[in-house]
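For reference, the structure discussed in these notes is given below.
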Amino acid sequence: MDERTKKLHRDLSDAVVNLDEDLAATAATAVVAENRDAYQAVEGGLAHGMDRAGKLFEEDEYFVPELLLAADAMYVGLGILRPHIRIEGTGRGKVVIGVVAGDTHDIGKNLVRIILETKGFEVVDLGRDVPPAAFVDKAKEIGADIIALSTLMTTTMPGMAEVIEILTAQGIRDRFRVMIGGAPISAAFAKRIGADGYAANATEAGELAVRLAADAAAAGQAA
Amino acid sequence: MNARQRYAALSRSDPLDRLPCVPIVGNTAARVLGCAVSDLRADGRRLAEAQIAAYRRFGYDGIRVFTDLYVLAEAMGATVRVPRDETAYLDTPAIAEAAAIDRLRPADPRRDGLLPAHLEAAARCLDAVGSEVPVTAALTGPFTTASFLIGADTLVRLMIRRPEAVHRLCALALDSALALAEAMMDLGCAPSLTDPMGSSSVISPRQFATFARPPLERLIRAIKARGHGVTLHICGKTSRIWGDMVAAGADCLSIDNEADLAEAKAAVGGQVRLMGNVPPSEVMLKGTPRDVRRYVRLCVAQAHDNPRGYVVASGCSLPTETPFINIDAMMDAVTEIGWPPRLDASQDGAAAPPEA
């Protein structure tokens with residue numbers, strides 16, 4: 001990657017961390033005008049910046065207001081870059097995504113949705129504050145491959161376990177891969193509730209979804 | 001001893017039969033009375049009946065007239081959804097942008113929204129059982145009410161982009177809160193303050209000090225001027241704002257289970273009474289009576305020797321469907337522990353908290 005591209009990615013990342021919408025717009029516009037890869041700019045710039053902001057949040061340096069304004073800067077950049085993103089593939093699979101009930105923070109989820117779409121997934125976004133049963137109903141309805149659950153609040157983490165309990169109770173747990181993420185989530189928590197995967201940030205979530213979809217396809221052929 | 005005698009003894013460090021205990025019962029009171037949650041909100045008589053019935057059923061040490069956080073913001077123009085038999089929630093803020101702040105007027109407690117009904121409920125509770133148990137009425141803090149008036153997302157953006165607009169909005173919310181507090185105190189009822197948006201789970205300690213604390217301080221000063229002690233509850237993480245909560249004038253901090261009682265005792269226990277922090281959801285709603293007993297024991301072990309006194313309480317308002325047996329277990333545990341506290345764990349196994 002050339003120096004100029006690196007610089008623009010750094011600017012995008014800094015714009016998000018520093019809550020600077022103007023810099024996000026300038027850098028994103030430059031990426032487009034100079035015909036640089038828009039998806040890489042999202043991943044290496046905007047998502048990178050959101051990840052840094054998320055870490056500052058975990059460290060109690062940033063709070064909800066800073067995260068919201070970081071997201072505002074991210075959305076400004078995304079609005080400019082998104083029309084120029086080349087979809088990597090299609091037919092990667094179907095994903096139902098949403099923020100579990102009790103939580104209305106959807107910044108991370110929105111970023112993951114865009115990355116999944118870019119990776120070639122068909123994504124149904126249930127939004128935020130979604131009851132556990134609604135994830136299951138929608139996944140059944142559209143024949144989803146993956147259910148992706150997000151939360152920013154510890155109080156709503158049990159809602160993630162509930163989705164898996166509902167799937168198990170209905171005898172359809174093995175029809176779906178369940179992935180979870182969000183600030184308070186850990187790999188240990190994912191394991192404890194029996195989720196198939198955990199991602200620490202949006203970029204990892206994209207890679208995880210690709211891996212889970214491949215697993216599902218392989219399992220489907222083996223069956 | 002009745003609750004009033006218990007608090008008096010606690011304040012004088014006199015002998016007690018047991019520590020005061022307050023499972024913070026809000027809409028669970030509807031389950032005791034056998035009516036729908038939504039029947040309570042607008043009906044002062046019903047709300048009082050439910051709160052009195054719950055107090056008599058469980059025998060705890062404090063009635064707090066509370067249905068939801070939105071009553072004051074609603075009286076200033078926010079709209080609230082009231083689903084049948086569930087806790088009300090904010091539907092639409094009163095205004096959508098900073099330019100509209102000057103259109104807002106402070107609420108008149110004798111006239112606006114459901115304030116008269118909530119005042120009636122407080123008066124009825126006082127009349128029925130006020131001689132034996134403290135009756136407080138919940139009052140939402142100015143910063144939190146401000147967030148309901150303009151929407152939390154808009155408010156926090158303004159905090160960074162246009163701080164002066166947030167101060168103006170908080171000043172209006174303060175005027176409403178002061179008027180409501182005076183009306184409560186005219187009845188002989190102490191306001192009980194809650195300011196959840198000030199939590200460090202939402203805004204930074206510096207933002208709390210800048211925006212939430214000044215109006216809170218004014219409000220507390222007005223309440224103390226009329227001889228009432230002030231309990232201040234803020235949900236979630238609060239360790240970094242305990243100093244500000246104390247400096248704002250609170251006499252008692254009600255601590256959420258996301259904060260640590262022992263740490264609170266060490267930090268501010270010489271200045272304020274503490275209450276808390278049995279987890280309302282993980283333990284009171286979802287745990288067994290055994291979990292409840294174990295957790296009460298843990299809380300008492302942490303805070304019984306707090307220099308300014310300790311009240312066993314849930315970390316926040318109990319979820320509506322909290323099983324009665326768990327509230328009973330909380331009261332029983334406090335009675336068994338007695339005073340001075342007997343903390344051997346023989347009755348409930350290890351003193352470790354249940355896994356969250």
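Side-chain atoms are counted along with the backbone in the values below, which use heavy atoms only and exclude waters and symmetry mates. Residue numbers start from 1 in every chain, and the chains themselves are labelled A, B, ... in the order their sequence lines are given, proteins ahead of strands.
- Between B:Arg161 and A:Leu69, the shortest heavy-atom distance links the atoms NH2-CD2, 3.6 Å.
- Just one residue in the list B:Ile160, B:Leu155, B:Asp153, B:Leu158 forms a side chain to side chain contact (heavy atoms under 4.5 Å, CB included) with A:Pro65, and that residue is B:Ile160.
- Other residues, nucleotides and ligands contribute at most 12 non-hydrogen atoms within 6.0 Å of the CD atom of A:Glu122.
- Residues B:Arg240 and A:Asp60 approach most closely at NH1-O, 3.0 Å, considering heavy atoms.
- Atoms CG and CZ, on A:Leu68 and B:Arg157 in that order, are 5.0 Å from each other to the nearest 0.5 Å.
- Within the 4.5 angstrom heavy-atom criterion, atoms from both the backbone and the side chain of A:Leu19 approach chain B.
- In this structure, the side chain to side chain donor-acceptor pair (under 3.5 Å) partners of B:Arg168, at least two apart in sequence or on a different chain, are B:Asp102.
- Of all residues spanning residues 39-48 of chain A, none has a heavy atom less than 4.5 Å away from chain B's heavy atoms.
- No side-chain heavy atom of B:Glu282 sits less than 4.5 Å from a side-chain heavy atom of A:Pro158.
- Contacts from residues 199-213 of chain B to chain A, taken as heavy-atom pairs separated by less than 4.5 Å, involve B:Ser200, B:Ser201, B:Val202, B:Ile203, B:Ser204, B:Pro205, B:Gln207 in sequence order.
- Heavy atoms closer than 4.5 Å to chain B are found in both the backbone and the side chain of A:Glu66.
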Donor-acceptor pairs under 3.5 Å, side chain of residues 22-31 of chain A to any protein atom, not counting sequence neighbours: which ones?
{"unit_1": "A:Thr26", "atom_1": "OG1", "unit_2": "A:Asp22", "atom_2": "O", "d": "2.7"}
{"unit_1": "A:Thr29", "atom_1": "OG1", "unit_2": "A:Ala25", "atom_2": "O", "d": "2.5"}

